[in-house]
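Position 1 is the first residue of the sequence; numbering continues from there. Please read all numbers here as calculations on a predicted model, not as lab measurements.
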Amino acid sequence: MPYDRIDARILEIVQKNNRLTSDVVGEMAGLSATACQRRLKRLRSDGIIEGDVSIVSPKAVGRPIQMLVFVNLERDSPDIIDRFKKAIRSCPEIVSGCSVTGEPDFVLYISARSMEDYDRFTQRFFYGNSDVKGFKTMVVLDRVKAGFAVPIEIPSEN
């Protein structure tokens, strides 16, 4: 998925604030609003921009408890892994989930209203799933940084 220096600038801008108008983003990137809109549309259709989101404070919406959970599955078979990935995607309490190398098999970021709420979740999601061998929970004390911005490599000019 190729992108050029102007695309890289647009990506840097919208990662910091995706609420800016095409006029503003274009001006910051040295483009007209129309040219900026075309580039943003292409960046989205090419899958370089996967989504436009707002980062919501879990505490402000009544979900002040956050956990990182390490999950080990019974076996490394494709059908078990696929079923677990599907379960992760369909579960609203799971904010983010990653399949990882080594131990564990998955790392999940989960939000809850209370520890009792999380306990009910574990009963349903982990203990109720025969594919789960075990899990370890770490409670987040302080969310130091929240975001999705990735460093953008600026292509060299050819």
Side-chain angles (χ1 to χ4, degrees), residues 1-73 76 78 80-113 118 121-122 125-126 131-132 135-158:
M1 290 182 270
Y3 62 92
D4 62 19
R5 295 174 77 75
I6 296 172
D7 291 336
R9 179 68 182 131
I10 291 170
L11 292 170
E12 288 175 338
I13 294 165
V14 298
Q15 280 194 116
K16 291 179 182 142
N17 185 351
N18 73 346
R19 295 183 65 197
L20 297 174
T21 65
S22 295
D23 290 330
V24 173
V25 175
E27 183 178 320
M28 293 171 75
L31 296 172
S32 70
T34 305
C36 181
Q37 287 171 345
R38 275 195 307 270
R39 283 178 179 261
L40 282 166
K41 182 177 179 181
R42 181 182 46 77
L43 291 167
R44 288 183 177 102
S45 67
D46 287 352
I48 295 172
I49 295 177
E50 292 181 355
D52 296 289
V53 300
S54 295
I55 298 171
V56 175
S57 164
K59 197 177 288 187
V61 295
R63 302 189 69 80
I65 310 294
Q66 292 128 62
M67 283 76 51
L68 292 174
V69 182
F70 294 179
V71 182
N72 289 305
L73 300 180
D76 285 336
I80 289 174
I81 292 169
D82 288 344
R83 272 197 309 267
F84 194 69
K85 285 179 179 179
K86 185 177 180 183
I88 290 170
R89 288 184 196 105
S90 67
C91 186
E93 294 92 344
I94 300 174
V95 177
S96 182
C98 300
S99 173
V100 297
T101 60
E103 288 286 325
D105 297 314
F106 287 85
V107 176
L108 308 178
Y109 172 52
I110 298 172
S111 73
R113 289 183 291 274
Y118 178 64
F121 169 81
T122 62
F125 191 82
F126 296 123
D131 293 334
V132 174
F135 66 97
K136 292 183 182 192
T137 302
M138 294 183 294
V139 176
V140 174
L141 297 176
D142 183 20
R143 186 173 77 168
V144 177
K145 182 179 180 181
F148 293 99
V150 296
I152 303 297
E153 298 293 325
I154 298 175
S156 59
E157 294 183 35
N158 293 330

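- Judged by distance alone, with hydrogens and angles left aside, the side-chain atoms of Glu50 form no donor-acceptor pair with the main-chain N or O of Ile48 at under 3.5 Å.
- In this structure, Asp4 contributes its side chain and Ile6 its backbone to a donor-acceptor pair below 3.5 Å.
- You'll find the side chain of Asn72 reaches within 4.5 Å of the side chain of Asp105, heavy atoms only.
- One finds the CG atom of Leu40 at 8.0 Å from the CG atom of Leu11 (value rounded to the nearest 0.5 Å).
- Considering CG of Leu43 and CD1 of Ile49, their distance stands at 5.0 Å, rounded to 0.5 Å.
- Under the 3.5 Å distance criterion, the side-chain polar atoms of Glu93 are left unmatched by any main-chain donor or acceptor of Ala112.
- Residues satisfying the side-chain hydrogen bond (donor to acceptor under 3.5 Å, both in side chains) test with Arg83, not counting sequence neighbours, are Asp131.
- Here the CE-CG distance, from Met67 to Leu108, works out to 10.5 Å after rounding to the nearest 0.5 Å.
- Nearest heavy atom pair, residue Arg113 against residue Pro64, reads O-CD, 3.7 Å.
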Using the side-chain contact (heavy atoms from CB on, under 4.5 Å) rule, take Val132 and Phe106 through it: C-alpha gap first, then chi angles, then the decisive distance, then the call.
-> CA-CA 11 Å; Val132 174; Phe106 287 85; over 6 Å; no

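- Looking only at side-chain heavy atoms (C-beta outward), Thr34 and Arg38 come within less than 4.5 Å of each other.
- Every ring-ring contact (aromatic ring centres under 6.0 Å, His included) that Phe135 has, sequence neighbours left out, goes to Phe126, Tyr127.
- To the nearest 0.5 Å, the span separating NZ on Lys16 from CD on Glu12 amounts to 6.0 Å.
- Annotation: side chain of Arg143 is in contact with side chain of Tyr109 (closest heavy-atom distance under 4.5 Å).
- Between Ala33 and Asp23, the shortest heavy-atom contact is CB-OD1, 2.7 Å.
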Ser99 and Phe84: side-chain contact (heavy atoms from CB on, under 4.5 Å), yes or no, with the steps?
-> CA-CA 10 Å; Ser99 173; Phe84 194 69; over 6 Å; no

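- Proximity of Tyr118 to Thr137: side-chain heavy atoms (C-beta onward) are separated by under 4.5 Å at one or more points.
- In this structure, the separation between CD1 on Ile13 and SG on Cys36 is 7.5 Å, given to the nearest 0.5 Å.
- For the pair Ile10 and Tyr3, the minimum side-chain heavy-atom distance is 4.5 Å or more.
- By the salt bridge (Lys or Arg N to Asp or Glu O under 4.0 Å) test, Asp7 pairs with Arg39, Arg42, sequence neighbours left out.
- One finds the CZ atom of Phe125 at 7.0 Å from the OG atom of Ser90 (value rounded to the nearest 0.5 Å).
- Under the 4.5 Å side-chain criterion, counting only non-hydrogen atoms from C-beta, Val95 is not in contact with Arg63.
- Contact check for Leu20 versus Val14: no side-chain heavy atoms found under the 4.5 Å cut-off.
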